[in-house]
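Sequence positions, counted from 1, serve as the residue numbers for this chain.
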Amino acid sequence: MNKEGQRIFPRYSLKHISNELFIPEMKDSHNIKTIDIGLGGICFETPNDSQFPDAFEFEITLLGKNKYKLNAKKVWQKGNNIGCRFNFTEKENFEKWLQFVKAIHLLNLKHRVETNG
């Protein structure tokens with residue numbers, strides 16, 4: 001977020017993209033639903049009001065094959081919804097994630113053009 005509290009990077013819904021989130025510290029992480037992602041973070045919904053640690057590591061598999069291991073810091077939690085900011089520790093991880101987010105962005109633009117036609 002910038003000084004005005006506005007999101008710097010756009011977020012993209014994962015409604016139409018198969019994804020699987022795994023947090024090693026949580027027993028029931030397979031029940032976590034990813035709401036949206038962006039270059040700088042992720043928002044997800046948990047099955048209950050469980051409290052997350054301020055920082056944690058997780059894995060996300062997108063489209064059944066693209067697997068990313070990321071570090072995140074919890075920025076906010078409202079009930080079952082949690083917003084996190086990524087903390088990239090390796091350049092290679094960031095570059096792979098950037099490539100994926102660019103692809104999601106282009107798919108979103110294509111969908112908008114086809115819908116608004």
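- Using the six-membered ring where Trp is involved, Trp97 and Tyr68 have ring planes that are perpendicular, over 60° apart on the 30 and 60° scheme.
- Note: His105 NE2 to Leu98 CG = 11.5 Å, rounded to the nearest 0.5 Å.
- Taking all atoms of both residues into account, the shortest heavy-atom contact from Lys74 to Cys84 is CA-SG, 4.0 Å.
- We find the CG-CD distance between Asp36 and Glu45 to be 11.5 Å, quoted to the nearest 0.5 Å.
- Residue Gln99 holds its CD atom at 8.0 Å from NZ of Lys102, rounded to the nearest 0.5 Å.
- Side chain of Asn93 to main chain of Lys69: a donor-acceptor pair is present (N/O by atom type, distance under 3.5 Å, no hydrogens or angles).
- Note: Ile82 CD1 to Phe56 CZ = 6.5 Å, rounded to the nearest 0.5 Å.
- In the hydrophobic cluster analysis, where Ile, Leu, Val, Met, Phe, Trp and Tyr join through side-chain heavy atoms closer than 4.5 angstrom, Phe94 is grouped together with Tyr12.
- Within the model, atoms CD of Glu59 and CG of Leu70 stand 9.5 Å from one another, a figure rounded to the nearest 0.5 Å.
- Shown here for Ile32 and Phe44, the closest heavy-atom pair between the two residues is CG2-CD1, 3.5 Å.
- Grouping the Ile, Leu, Val, Met, Phe, Trp and Tyr side chains by contacts below 4.5 angstrom, directly or via other members, places Leu21 apart from Ile35.
- Following chains of ILVMFWY side-chain contacts shorter than 4.5 Å, one cannot reach Val101 starting from Leu107, and the two form parts of different hydrophobic clusters.
- Residues Lys73 and Asn87 have side chains not in contact (no heavy-atom distance under 4.5 Å, counting atoms from C-beta outward).
- Using a 4.5 Å heavy-atom threshold, the side chains of Ile60 and Ile42 count as touching.
- The shortest side-chain heavy-atom distance between Phe86 and Ile37 does not fall under the 4.5 Å cut-off.
- Trp76 and Asn81 make their closest contact through CZ3-O, 3.4 Å (heavy atoms, listed as atom of the first residue, atom of the second, distance).
- Environment of CD in Glu20: sparse, with no more than 12 heavy atoms of neighbouring residues, nucleotides or ligands closer than 6.0 Å.
- Between Lys96 and Lys67 the shortest heavy-atom distance is NZ-O, 3.8 Å.
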